[in-house]
Amino acid sequence: MKITSNSIVAIDYTLSNNKTGEVLEKTPTDQVMKFKFGIGELLPLFESNIIGLQKSDNFDFIIPPKDAYGPLDAYAVFDLPMDTFAEDGNINSDMMQVGNKIPLTDKHGNKHVGTIKVIMKDAVTMDFNHPLAGVELRFVGSVTDVIE
């Protein structure tokens with residue numbers, strides 16, 4: 001059976017940064033990824049690359065940043081006052097580490113996750129880009145099952 005809209009699909013894959021070769025994600029050998037195809041849960045270009053495949057078919061394709069998580073946005077990196085991170089007047093030093101991801105809510109109630117890039121005396125540089133923004137994604141894998 002071929003992958004079509006509303007198929008239940010199981011795949012085994014490795015996702016890597018096509019430019020650097022760094023492996024970003026890999027399905028565990030004992031656990032495939034299962035999903036309902038064609039309902040908008042996946043990147044559109046991912047779906048267009050696997051539609052029509054069937055059990056045991058292999059795939060190897062690249063998705064450019066513009067069709068994945070977008071380019072890096074310089075305006076998504078900015079400084080926030082240190083007191084933004086205060087809880088009951090105190091800064092949690094365990095939380096304030098370069099590389100930590102911090103969930104924040106803006107004045108409109110929207111939730112965002114930022115990564116700490118630089119810690120200064122009175123401010124913190126945060127990057128609110130998606131972790132895969134600007135990355136050319138390469139998916140290599142196989143279809144392990146297709147169910148109607």
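Values reported hereafter were calculated over all heavy atoms of this structure, with side chains retained and with hydrogens, waters and symmetry mates removed. Model, not experiment: these values are computed from the prediction.
Counting only heavy atoms from C-beta outward, the side chains of E25 and L132 never approach each other to under 4.5 Å. With contacts defined as side-chain heavy-atom distances shorter than 4.5 Å, the pair V135/Y69 does not qualify. Inter-residue side-chain proximity for V32 and K34 is flagged as met; some heavy-atom pair is nearer than 4.5 Å. Contact check for F46 versus L15: no side-chain heavy atoms found under the 4.5 Å cut-off. For the pair V146/K2, no side-chain contact is recorded, criterion being any heavy-atom separation below 4.5 Å from C-beta on. Between F61 and L45 the shortest side-chain heavy-atom distance does not fall below 4.5 Å. Side-chain contact between L24 and P131: absent, with no pair of heavy atoms (C-beta onward) separated by less than 4.5 Å. In this structure, S7 and E148 have side chains that are not in contact, with every pair of non-hydrogen atoms separated by 4.5 Å or more.
Looking at residues two or more places apart in sequence or on another chain, you find no salt bridge (Lys or Arg N to Asp or Glu O under 4.0 Å) involving E47. By the ring pair (Phe, Tyr, Trp, His ring centres under 6.0 Å) test, F37 pairs with no residue at all, sequence neighbours left out.
When each of T14, D60, N17 is tested with R138 by the rule side-chain hydrogen bond (donor to acceptor under 3.5 Å, both in side chains), just one qualifies, namely D60.
Residue D79 comes nearest to A123 through the heavy atom pair CB-CB, 4.4 Å, listed as atom of the first residue, atom of the second, then distance. Of all heavy-atom pairs spanning G21 and S16, the tightest one is O-CB, 4.1 Å.
With 3.5 Å as the limit, one finds a donor-acceptor pair spanning the side chains of D12 and T27.
Placement of F59 and F35 within a single hydrophobic cluster is found when ILVMFWY residues are connected by side-chain heavy-atom separations under 4.5 Å, directly or transitively. Connection of I51 to M1 is established within a shared hydrophobic cluster, with ILVMFWY side chains joined at heavy-atom distances below 4.5 Å, either directly or through further cluster members. Placement of V140 and I63 in two distinct hydrophobic clusters is found when ILVMFWY residues are connected by side-chain heavy-atom separations under 4.5 Å, directly or transitively. At a threshold of 4.5 Å between side-chain heavy atoms, the hydrophobic network of Ile, Leu, Val, Met, Phe, Trp and Tyr places L137 and L72 in two separate groups.
Remark: side-chain polar atoms of D57 are not paired, donor with acceptor, to backbone N or O of V143 under 3.5 angstrom.
Think of L104 as one node in a network of Ile, Leu, Val, Met, Phe, Trp and Tyr side chains linked at under 4.5 Å; its network also takes in F78, L80, M82, F85, I91, M95, M96, V98, I102, I116, I119, V124, M126, F128.
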